[in-house]
Amino acid sequence: MTTTQWIGARAPRREDPALIRGRGRYVADINLPGTLHMAILRSPYGHARINSIDASEARAADGVHMVITPDDIPDHVTEFPVIWRLPGQKDSGTPALAQGKVRYVGEPVAAVVAESRYLAEDALDGIDVDYEPLDAVTDCEAALEEGATVINEDWGDNVAIHHVFAGYNALGVCGYEPEVFDNADEIVRGRLTIGRHSGIPLETRGIVADWDEIHGRLTVHSESQVASLFRTELAASLGLPETAVRVLTPNMGGGFGNKWDRYPEDLLVSIASMELGKPVKWIGDRREGLMATVHGRAQVQEWEMALQSDGTILGLRGKVINDLGAHLHSVGIGPAWVTGAAAPNQYKITNYYCDVIAAATNKTPSSTFRGFGGPEGIFGAERMMDKAAKHLGMDPAELRRMNMIQPDEFPWFNAAGAVYDSGNFPACLDKALEAADYDRLRAEQAELREQGICRGIGIASYIHVSGFGPSPILGYLSYYTGGYEGSTVKVDPNGKATVYTGMIPMGQGTETTLAQVAAHHLGIDMDDVRVVWGDTDQTPYTGFGSAGSRSNVAAVAVIRAIDEIKAKAVRIGAGMLEADAEDLEYADGMVSVKGAEEMRSVSLAQVAQQAYWAHALPEGDQPFLEATYVYDPPNFTTASGCHLVVLDVDINTGKITFRNYVVVDDCGPVINPLLVEGQIHGGVAQALGGALLEEFVYDEDGQLLTTSFMDYLLPSFTDVPEMEIHHVVTPSPHTDGGFKGMGEAGTFPPGAAVANAVSDALSHLGVEADELPITPSRLWGLIQEATG
Amino acid sequence: MGQVAITLNVNGRNQTTLAEPREILADVLRDRLGLTGTHLGCEHGVCGACTVLLDGEMVRSCLLFAVQAQGSEVTTIEGLEQDGELHPMQKAFSEYHGLQCGFCTPGMILAGVDLLKRNPDPTADEVRDDMGGNICRCTGYQKIVESVLGAAREMNEVTS
Amino acid sequence: MKPAAFEYHAPESVDDAAGLLSSHEDAKVLAGGQSLVPMMSFRLARPARIVDINGIADLDYIRYEGGALQIGATARQTAVEDSSEVAAQAPLLVAATGHVGHRAIRNRGTLAGSVAHNDPASEYPAVLMALGASVTAVSSAGSRVLSVEDLVSGHFLSTALGPDELITEVSVPAQSGGHGFAEFARRHGDFAVAGAAAVVTMNGTGVASASITAFGGTSPARLDEAEAALVGSDGGSEAVAEAAASATAQFPSTDDIHGSADYRRALIDVLTRQALQQAIAQAQEV
């Protein structure tokens, strides 16, 4: 391609050539000379006191170099902090090893460092732990009851926080009017449950730490999605100056938010490497991936919607109980907070109230997972819309349309404090209906039902407040990090560019996307742009790092840095062309005299050469052609859209068969359609997993029953329908390029869309699918209950 | 436990290494022979990331002790490129965006290659049925199906 | 998730293999390894010795002789799947094989190993039972033939084999009549939540013989009450429903994370019906 119009191009990914050859380098592939391997002894109990640990046999075992028990952790090492600390939230943190008692199955109790992973696992048998089992709390509602066993004694109870959304919008206006719920024509109630599941990247977590005693430097090969923040926290917890820690990020085999958090193993390998003076490697196995990587989503919600009899929504209020797990992890109750903020969704709901309660349970901590509470909020909102439509005898599409925020009503200040910047919600809905041929579907549905075929149509609209971030807002929310992204762009003396980003690619094509943006704005070929990532010694600090919906923020940082470079190029070009800078423009990689582009122009390479020779720089300009810009977005961007699913339910077996899946997505202008489609497909598939297949199941003792891929079921080829994707484009008014975050949105509506479709398919039986995942066994049970 | 000498023909070359009998083939390929393109996603035979061809047929390299492959031919993702020319399946995965993080990709590509050997012109449904033993967490599969169908077209054109 | 250490033996004859099994405690036969190896990686199994029978010449065969298919202990499941002999003589076996894991698993997994492992969710024990198959078990004391029904009935992840015995051959009588196979799995290729297999012969008036088995969650079972309900009937939908109801009553459904006992009963009813309908339709064509 000779074009310089890179934005919008289906550019092939520059990540691919290595990955399709098996030449990617993931953390498990890093083998430094002399590496020792760690295996971790994990709690077999959901809740137990640790009376004693005797590791003497393990210490003497073949090939063992070190055993770490709580007594072996240096006193100065501290827990990883919770970085989102809402007022009233209990103190918590992530320790390297369980302290005095274990609170979930899989919690690290001790670690062995040996010459191979095989030997390290052998030696785990030589650690004798005397456990005293305690009553386990596995139900998040029971955890809140008077007299429930308290998991974290210093909390006094199991309530990590009770946060109230009292109906205030960002302007400080409160719309909550409780009396409306007493007097409304119609009240619709729902109780919804979302099962515990998680991102489950196919690559488990892993880390290699390499302590250089001579220079006092710890080099960590990590898959943290937020390398800068990870470096800050790791240094602080280890008592090292931050400059002593370098974080290198290799290829990442998926993150999905799970790798955003800090984990005990990060401390354990570092402690071991510093003690032994050798590289120490820990690669989590799948069992560890399932029991000791953060879980997500688990919530019980209760909602009450007030409506006029014509369908106008008068208010929404409810309660969200988050099944938190044993303690607050890196982001605290962040996802549950987002659920409360997202539940008003696309509708003109100003009368809103929501209690968000996080309850400790003897389960793996629940934390960051793609969508971050948003899918849970959309599940609540969109199930309630369908329940309301059914209650009123209205078409669910019509009820949505009449309550939607209209395109001329932005910015919209939702009643939970979020500001929606843009969108065209009715257009997304209408496009979905048209693509699926909704009227025909409804007519067919009636005919099929007569033939005994239960076909359901499920609609779910969504907003995704993405690009987490103006830093002051994060400050206001007590989220102790910044929301900016920085980028350095350097043009070398030959006119080729290098972009340095703090973003960590997890597979979503960040490198390609940023190269596209840079090539487009510099007006040069994509092959002439290199992107440097994954080395905290070289790349700009990022407080937030990689999330599926951060490319839009990082892209603006690149654009703004390039703007500075272009301005300097014009200044230098003015001297070269003997013209006034005002008469020049930068386009397609050339600085030219306006109106005389053919005759009087110099290339970026020529300008760059001058910038490096520095023989005749404009006054005040330094040599080089580079700039750094740290972009702190003025607001979140609001992506939105609508999914429509068509499926059949076999009432004899509870089996669900997809017939159609339509996605309408508005993520603003699309940088690379190929990658956007891929993100949507993957997001939908992941959410369908949580809707139909995936669930961490605990027994009443807190034993985790799903510790393999035979029990924790990921969607495979035949579980994910072919999707049809359409776009509506409303640019964000306040970001350069108008881009919105899009990597997470695919996960938002599928749970609700599927539950709505299943309930629609079985509406003649009165079945309401209000618990995810809708497993065949569970659905069959509902059908039995309904048909008696 | 003692190590034994294991000789494998890996990607066309005989290689001998010492390993304990308990070492699974994937570990020996990765850690003793340096072929890290074979990935371990579950180590219990469900995800398919460690798929290799053993004497021409796809197997899970996590469900086989390396010692069992004594004297066998093993093809890993690194061996698919011939004389600097990518296999059409590799090209198709890039062209149709059949990969994101790339972790499942080596196994996925080899499973696609194996499928086309048995069924050179599959339908989309046949691809989905046959490759169901390989898990991808990123793509939602649609573009993998397109990749395999694209590779099939390409290969059929070359041979016809 | 790395296996514990073991002593590895690769005998070259059945006698040597049997000798190793009888002279060592805690020895385990390794054939396809598709169940054993993951159990070892989870360290749920830690045999002190592995007796790898893959190097024994002449165990990798599928032959049809004397009215029965003889399938050697190391014959892979894909060999069964692709065999024209099996398709001709025991098509039920081919129909079920497509449901056993995925191709990459079947390329290593063996029919005999699957029966010896007797996972409650696995297809082969129930299907072989329906076909009236038997196995040859060898130990250093000699060999014996026992029916698959005797081998697996009442067992859960174990069989009637002694610790010193190994299966050298599965013998499957030529299938007479039509067959049906139906299973319900959470995902394509997964172990089944429940399944049913049937072989039915018809005469001029109706069902002359029936062999019906079911599996899932617990030990696979031969459902003789369902067979009795069906034999002598006209094979129509009422008779099939009655047989399925008997099957449901007889099969000891249990709970697990993939389904409640009630749900399994409902599945057994649906699946038995499907399997019988297929079998009867096929038997009528013959």
Side-chain angles (χ1 to χ4, degrees), chain A residues 10 12-13 15-26 28-29 31 116-118 199-204 251-256 283 285-287 289 505-509 674-675 677-686 688-689 708-710 714-720 722-723 746, chain B residues 1 20 22-23 27 30-31 34-49 76-81 86-87 89-91 93-106 109 124-125 127-145:
Chain A
R10 299 176 79 88
R13 298 199 328 161
E15 292 85 348
D16 292 354
L19 301 181
I20 57 174
R21 290 173 167 85
R23 301 277 184 82
R25 175 178 289 194
Y26 300 85
D29 305 339
N31 290 312
S116 75
R117 174 70 180 231
Y118 286 82
I200 323 289
L202 201 55
E203 179 205 32
T204 53
N251 289 118
M252 199 188 296
F256 313 118
I283 302 298
D285 60 36
R286 181 49 60 191
R287 204 168 145 266
M506 308 179 266
Q508 72 275 59
L674 200 61
L675 304 194
E677 287 158 17
Q679 286 297 304
I680 293 171
H681 290 157
V684 170
Q686 199 156 36
L688 291 177
S708 80
F709 278 169
M710 321 268 254
L714 299 174
S716 185
F717 280 85
T718 46
D719 305 300
V720 180
E722 181 99 8
M723 289 163 233
Chain B
M1 206 58 54
E20 282 186 74
R22 63 165 160 168
E23 289 180 41
D27 281 341
R30 290 175 48 78
D31 298 334
L35 295 167
T36 55
T38 299
H39 297 154
L40 283 168
C42 75
E43 294 181 276
H44 56 282
V46 182
C47 80
T76 70
I77 187 68
E78 290 93 340
L80 216 48
E81 194 174 352
L86 288 172
H87 190 283
M89 190 64 70
Q90 291 172 300
K91 287 188 211 165
F93 265 68
S94 183
E95 185 181 346
Y96 295 92
H97 192 30
L99 70 152
Q100 290 182 26
C101 80
F103 199 79
C104 74
T105 309
I109 286 175
D125 283 346
V127 172
R128 284 182 183 267
D129 272 351
D130 199 88
M131 292 182 63
N134 287 63
I135 300 285
C136 170
R137 199 59 173 154
C138 297
T139 63
Y141 303 103
Q142 194 157 324
K143 289 184 184 291
I144 295 179
V145 175

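Computed from a predicted structure; not experimentally measured. Lettering follows sequence order; numbering is per chain, from 1. Heavy atoms only: backbone and side chains are in, while hydrogens, waters and symmetry mates are out.
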Proximal component of [X], with respect to chain A [non-hydrogen, under 4.5 Å]:
{"X": "B/Thr139", "value": "backbone"}
{"X": "B/Glu81", "value": "side chain"}
{"X": "B/Glu43", "value": "side chain"}
{"X": "B/Leu35", "value": "neither"}

Got a second to check how far [X]'s [atom1] is from [Y]'s [atom2], nearest 0.5 Å?
{"X": "A/Asp16", "Y": "B/Lys91", "atom1": "CG", "atom2": "NZ", "answer": "14.5 Å"}
{"X": "B/Phe103", "Y": "A/Asn251", "atom1": "CZ", "atom2": "CG", "answer": "10.5 Å"}
{"X": "A/Ser116", "Y": "B/Glu23", "atom1": "OG", "atom2": "CD", "answer": "7.5 Å"}

Please tell me if the side chains of [X] and [Y] come closer than 4.5 Å, counting only heavy atoms from C-beta onward.
{"X": "B/Cys136", "Y": "A/Phe717", "result": "no"}
{"X": "A/Gln679", "Y": "B/Gln100", "result": "yes"}
{"X": "A/His681", "Y": "B/His97", "result": "no"}
{"X": "A/Arg117", "Y": "B/Asp27", "result": "no"}
{"X": "A/Met710", "Y": "B/Val46", "result": "yes"}

Worksheet item: Would a distance-only check, ignoring hydrogens and angles, find a side-chain to backbone donor-acceptor pair under 3.5 Å from A/Tyr26 to B/Gly102?
Response: yes
Worksheet item: Backbone N or O of A/Glu722 within a donor-acceptor pair of the B/Tyr141 side chain at under 3.5 Å?
Response: no
Taking every non-hydrogen pair under 4.5 Å, which of [options] racks up the most with chain B?
{"options": "A/Gly289, A/Gly746, A/Ala28, A/Gly509", "value": "A/Ala28"}
{"options": "A/Leu675, A/Asp285, A/Val684", "value": "A/Leu675"}
{"options": "A/Met252, A/Arg23, A/Met723", "value": "A/Met723"}
{"options": "A/Gly199, A/Gly24, A/Ala18, A/Pro17", "value": "A/Gly199"}

Measure distances from [X] to the heavy atoms of chain B and classify the residue's part below 4.5 Å as side chain, backbone, both or neither.
{"X": "A/Ile283", "value": "neither"}
{"X": "A/Ile200", "value": "both"}
{"X": "A/Glu15", "value": "neither"}
{"X": "A/Pro715", "value": "both"}

Worksheet item: What is the ring orientation for A/Phe709 with B/His44, classed by angle as parallel under 30°, tilted 30 to 60°, or perpendicular over 60°?
Response: tilted
Would you mind telling me which of [options] has the largest number of heavy-atom pairs within less than 4.5 Å of chain A?
{"options": "B/Gly45, B/Ser94, B/Gly37, B/Gly133", "answer": "B/Ser94"}
{"options": "B/Cys42, B/Ala49, B/Pro106", "answer": "B/Cys42"}
{"options": "B/Leu99, B/Ile144, B/Asp125", "answer": "B/Leu99"}
{"options": "B/Thr105, B/Leu86, B/Val145", "answer": "B/Leu86"}

Taking every non-hydrogen atom, the tightest pair across [X] and [Y]:
{"X": "B/Ile77", "Y": "A/Gly22", "answer": "CG2-CA, 3.6 Å"}
{"X": "A/Leu19", "Y": "B/Cys101", "answer": "CD1-O, 3.7 Å"}
{"X": "B/Gly140", "Y": "A/Val720", "answer": "O-CG1, 3.5 Å"}
{"X": "B/Gly132", "Y": "A/Ser716", "answer": "O-OG, 2.7 Å"}
{"X": "A/Ile20", "Y": "B/Ile109", "answer": "O-CD1, 3.9 Å"}

Fill in: Flag if over 12 foreign heavy atoms under 6.0 Å of CZ, B/Arg128
yes
Discussion item. Show every side-chain hydrogen bond (donor to acceptor under 3.5 Å, both in side chains) that has at least one partner inside residues 129-138 of chain B, sequence neighbours left out.
Written reply: A/Glu694-B/Arg137, B/Arg118-B/Asp130
Item to complete: State whether B/Lys143 and A/Glu677 are salt-bridged, where the test is any N-O pair (Lys NZ or Arg NE/NH1/NH2 against Asp/Glu carboxylate O) under 4.0 Å.
Response: yes
Worksheet item: Salt bridge or not for B/Glu95 and A/Arg13, using N-O below 4.0 Å?
Response: no
Fill in: Stepwise salt bridge (Lys or Arg N to Asp or Glu O under 4.0 Å) test for B/Glu78 and A/Arg21
CA-CA 6 Å; B/Glu78 290 93 340; A/Arg21 290 173 167 85; over 6 Å; no
Practice prompt. Apply side-chain hydrogen bond (donor to acceptor under 3.5 Å, both in side chains) to B/Arg30 and list each qualifying residue two or more places apart in sequence or on a separate chain.
Written response: A/Asp29
